[in-house]
Asks: 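To start, I am sharing the structure in question, which I have written as structure tokens.
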Amino acid sequence: MHGPAMSSWLLMALCGVTGAYCLLRMGNGTQEERRTARAEALMGFGMAAMAVPAAVVTPPVWGWAVYVVLFGGAALRALWFARHKGHHLHHLVGSLAMVYMAVVMAAPGSGASAHGGQAGHGGHQMAQVAGGLPLLTGVLLVYYAAYVLRSGARLIPVAATVGAGGGPTGGAWGARPELALACRLTMGIAMFAMLLTL
């Protein structure tokens, strides 16, 4: 990720908290809901790790290969489960986006490989790789912008629902559907930001 260190810290914290909440969600619900929570926790923690400012921890050269293998495996898993549930297609897109960002950051001339990490992006050779493939990056940005807008719209309470039931019910924090949706919205915004600053 390119950009100021403060943005990276905030993005790292946001994704880490989101991943932690997804871990809480793994204790509740059906097997499918727990499987979804696991995939979202992996995504949250993976995004948090990718957002750590390199001025603090310089990722090793082989670190990007770990991202490719980890999220490549997650993409295959999402593809397998997408046969039964359409929501896993979003996990497939997210995992492939993480693989794409890792490949771009590992490529010669990117800020991550030229400087041993994400620090000092202002002076690297931008002509070679910066931003990856413009068309693919643009398609992913459009996808995540639409996903964020759709998820945000689903969080807006409907007057008839609130009037009939009176708002959110009690229960465990991990079982609150509006918080799960807010987590997905948060990760969508974070993925959009990471792609935008690639």
Asks: Residues two or more places apart in sequence or in another chain: which of them pass side-chain hydrogen bond (donor to acceptor under 3.5 Å, both in side chains) with Y143?
Replies: H90
Asks: Tell me the closest heavy-atom pair linking L195 and T137, and the distance in Å.
Replies: O-CG2, 3.9 Å
Asks: Working to the nearest 0.5 Å, report the span between CZ of R83 and CH2 of W80.
Replies: 4.0 Å
Asks: State yes or no: do L198 and L140 share one hydrophobic cluster built from I, L, V, M, F, W and Y residues joined by side-chain heavy-atom distances below 4.5 Å, directly or via other members?
Replies: yes
Asks: Determine whether I189 and Y144 satisfy the following criterion, side chain to side chain contact (heavy atoms under 4.5 Å, CB included), listing intermediate values before the conclusion.
Replies: CA-CA 7 Å; I189 292 168; Y144 277 101; over 6 Å; no
Asks: Any heavy-atom pair between the side chains of F45 and T18 that's under 4.5 Å?
Replies: no
Asks: What pairs of residues pass the salt bridge (charged side-chain N to carboxylate O under 4.0 Å, His left out) test when at least one of them lies in residues 38-67, not counting sequence neighbours?
Replies: R25-E40, E40-R184
Asks: Among residues at least two apart in sequence or on other chains, which ones pass side-chain hydrogen bond (donor to acceptor under 3.5 Å, both in side chains) with Y147?
Replies: none
Asks: Tell me every residue that passes side-chain hydrogen bond (donor to acceptor under 3.5 Å, both in side chains) with T186, counting only those two or more places apart in sequence or in another chain.
Replies: none
Asks: Rounded to the nearest 0.5 Å, how far apart are CG of L11 and CE of M194?
Replies: 6.0 Å
Asks: Could you list the residues that satisfy side-chain hydrogen bond (donor to acceptor under 3.5 Å, both in side chains) with R35, not counting sequence neighbours?
Replies: E32
Asks: Check for me, please, whether L196 and L136 land in the same ILVMFWY cluster - side-chain distances under 4.5 Å, paths through other members count.
Replies: yes
Asks: Quick check: is M98 connected to V66 through a chain of hydrophobic side chains (ILVMFWY, heavy atoms under 4.5 Å apart)?
Replies: no
Asks: Do you know the tightest heavy-atom contact between L42 and L70?
Replies: CD1-CD2, 3.9 Å
Asks: I'd like to know whether M47 forms a side chain to side chain contact (heavy atoms under 4.5 Å, CB included) with M50, so could you lay out the CA-CA distance, the side-chain angles of the two residues, the decisive distance to 0.1 Å, and finally the verdict.
Replies: CA-CA 5 Å; M47 290 170 61; M50 192 178 273; 5.7 Å; no
Asks: Applying side chain to side chain contact (heavy atoms under 4.5 Å, CB included) to M43 and S95, what does each step give before you reach the verdict?
Replies: CA-CA 7 Å; M43 183 64 70; S95 295; 4.0 Å; yes
Asks: Where is the tightest heavy-atom contact between G16 and A48, given as atom of each residue plus distance?
Replies: N-CB, 3.6 Å
Asks: Could you please spell out the steps behind the side chain to side chain contact (heavy atoms under 4.5 Å, CB included) verdict for H91 and T36?
Replies: CA-CA 9 Å; H91 293 160; T36 298; 3.6 Å; yes
Asks: Compare every heavy atom of N28 with every heavy atom of R34, then report the nearest pair and how far apart it is.
Replies: CG-O, 3.4 Å
Asks: Could you state whether V68 and L96 fall into the same hydrophobic cluster, counting links through intermediate Ile, Leu, Val, Met, Phe, Trp or Tyr residues with side-chain heavy atoms under 4.5 angstrom apart?
Replies: no
Asks: Only pairs at least two apart or in different chains count here, so list each salt bridge (charged side-chain N to carboxylate O under 4.0 Å, His left out) that has a residue in residues 41-68.
Replies: none
Asks: Which heavy atom in G152 sits nearest to a heavy atom in L185, and how many Å separate them?
Replies: N-CD1, 3.8 Å
Asks: Check for a donor-acceptor pair, side chain of Y100 on one end and backbone N or O of L133 on the other, with a separation under 3.5 Å.
Replies: yes
Asks: In the single-linkage hydrophobic clustering (I, L, V, M, F, W, Y; side-chain heavy atoms under 4.5 Å), do F192 and V104 co-cluster?
Replies: yes
Asks: What is the minimum heavy-atom distance between Y67 and A102, and which atoms define it?
Replies: CB-CB, 3.6 Å
